[in-house]
Amino acid sequence: MGPLKRLRQDLATGKNLEIYVTALIALAVGVLGVFDAVNPKVVGAATLATLALVAVNALGPRHQVADLESRVAELSRQLERSLAGGDFLSKDRESLSGRVGRADDIRFAGVTLSRTVRRYADDLRQALERGASVKVLMIDPVGAAPEEAARRSTVPDQPDVFESRVRSTLYVLRDLRAHDGLEVRLLPLVPAFGLLMLDPGDDDGIVYVELGTHRSPGNDPAFTLSPRRDHAWCRHFGAEFDRLWEVSREVTDADWHPAART
């Protein structure tokens with residue numbers, strides 16, 4: 001925007017009038033002083049008055065900045081007071097049924113995932129039929145992982161409960177094996193948290209994190225991250241999933257059909 005156009009706009013809207021008045025007074029005083037049209041004392045007094053007006057005008061933005069800083073500080077204090085644990089932690093899993101069926105990149109990680117996989121079985125089938133990639137990661141029913149999971153649970157002396165739950169999850173997933181997009185792996189350890197990741201590389205994706213607990217009878221606390229809002233933390237949990245995936249083993253036919261083992 002040119003100077004003349006900006007001047008017309010400011011005069012029409014009444015903005016910055018004090019600046020233009022100050023400039024006009026300064027110009028008039030300067031011209032009168034050059035041509036000796038008025039007494040030098042008058043010129044000096046007018047000059048001092050102009051300087052005073054400039055100083056007063058300069059105080060306005062300073063006070064505005066100070067007021068803005070005060071309001072921002074107060075807002076920050078209010079946010080800190082209002083950001084209680086209940087604002088981001090929840091024991092109720094967010095309903096993601098529709099999102100699972102529409103996602104192209106789906107990743108599950110957890111201890112047995114028995115309830116999770118059953119809950120989203122139809123959505124996973126729908127996503128796989130569209131060509132989505134689905135990765136499922138849970139503990140290995142063979143080895144020490146079920147015992148470790150039991151020690152953290154309310155049934156510390158029954159590792160067979162967790163082995164049975166993993167087998168149940170594999171049974172549900174077995175019906176989805178016909179789709180090339182499904183990959184299932186088994187962990188030799190118990191993950192510290194559960195993950196449900198839907199298109200984590202997209203701005204509108206979701207990363208749902210469920211924290212592990214020790215012998216807690218209720219649902220585990222959880223929180224939801226957005227790649228657009230929580231980019232760094234989404235990358236963090238994505239990298240965690242990749243590291244867990246690397247140390248896991250692929251499911252074999254003996255895992256899919258345990259009754260056929262000799």
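What you see is a predicted model, and the numbers here were worked out from it, not measured in a lab.
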Report task. Assess whether salt bridge (Lys or Arg N to Asp or Glu O under 4.0 Å) is satisfied between R130 and D104, documenting all intermediate values. Result -> CA-CA 8 Å; R130 290 190 301 98; D104 295 318; 3.1 Å; yes
Requested in this report: Carefully, step by step, assess F162 and V190 under the rule side chain to side chain contact (heavy atoms under 4.5 Å, CB included).
Outcome: CA-CA 11 Å; F162 292 87; V190 178; over 6 Å; no
Requested in this report: Apply side chain to side chain contact (heavy atoms under 4.5 Å, CB included) to S168 and R118, showing your working.
Outcome: CA-CA 9 Å; S168 175; R118 287 185 181 276; 2.5 Å; yes
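Looking only at distances, a side-chain donor or acceptor of S153 sits under 3.5 Å from a matching main-chain atom of A150. For S248 (side chain) and W245 (main-chain N/O), a donor-acceptor pair under 3.5 Å exists by modelled atom type.
Side chains of Y208 and L225 form no contact here, defined as non-hydrogen atoms less than 4.5 Å apart. Using a 4.5 Å heavy-atom threshold, the side chains of T224 and V207 count as separate. Between W256 and R177, some side-chain heavy-atom pair lies under the 4.5 Å cut-off. Using a 4.5 Å cut-off on side-chain heavy atoms (C-beta onward), P200 and C234 make no contact. Annotation: side chain of R125 is in contact with side chain of D175 (closest heavy-atom distance under 4.5 Å). Using a 4.5 Å heavy-atom cutoff, the side chains of P191 and L187 are in contact. Side-chain atoms of R102 and R99, non-hydrogen and from C-beta on, do get closer than 4.5 Å to each other. At a threshold of 4.5 Å between non-hydrogen side-chain atoms, the residues I206 and P227 do not count as touching.
Scanning both residues, A127 and A103, for their nearest heavy atoms gives CB-O, 4.0 Å. Contact detail for P188 and V247: the closest heavy-atom pair is CD-O, 3.5 Å. Residues S226 and D203 share a closest heavy-atom pair of OG-O, 3.9 Å.
With values rounded to the nearest 0.5 angstrom, R165 atom CZ is found 15.0 Å from R167 atom CZ. Here the CG atom belonging to L170 is positioned 6.0 Å from the CG atom belonging to L186, to the nearest 0.5 angstrom. To the nearest 0.5 Å, atoms NZ (K135) and CG (L244) are separated by 12.0 Å. Rounding to the nearest 0.5 angstrom, the gap separating the CG atom in L196 from the CZ atom in F241 is 10.0 Å. The distance from atom CD of E246 to atom CZ of R185, rounded to the nearest 0.5 Å, is 8.5 Å.
A chain of hydrophobic side-chain contacts below 4.5 Å, direct or via other Ile, Leu, Val, Met, Phe, Trp or Tyr residues, connects V209 to L189.
Under the 6.0 Å distance and 45° angle rule, R174 does not count as a cation-pi partner of Y171.
Scored by the salt bridge (charged side-chain N to carboxylate O under 4.0 Å, His left out) test, R249 finds D140, D255 as partners (sequence neighbours excluded). For D105, the side chain to side chain donor-acceptor pair (under 3.5 Å) partners two or more places apart in sequence, or in a different chain, are R107.
Between R152 and E148, at least one side-chain N (NZ, or NE/NH1/NH2) sits under 4.0 Å from a carboxylate O, which counts as a salt bridge.
With V134 as reference, L182 is the one residue of L173, L182, V100 to meet the side-chain contact (heavy atoms from CB on, under 4.5 Å) rule. Results of the side-chain contact (heavy atoms from CB on, under 4.5 Å) test with F108 over L124, V184, T169, L195 single out L124 as the only residue that passes.
Heavy-atom contacts from other residues, nucleotides or ligands closer than 6.0 Å to CH2 of W233 number 12 or fewer. In D180, the CG atom is not crowded: 12 or fewer heavy atoms of neighbouring residues, nucleotides or ligands sit closer than 6.0 Å.
Ring centroids of F237 and F193 are separated by less than 6.0 Å, placing the two rings close together.
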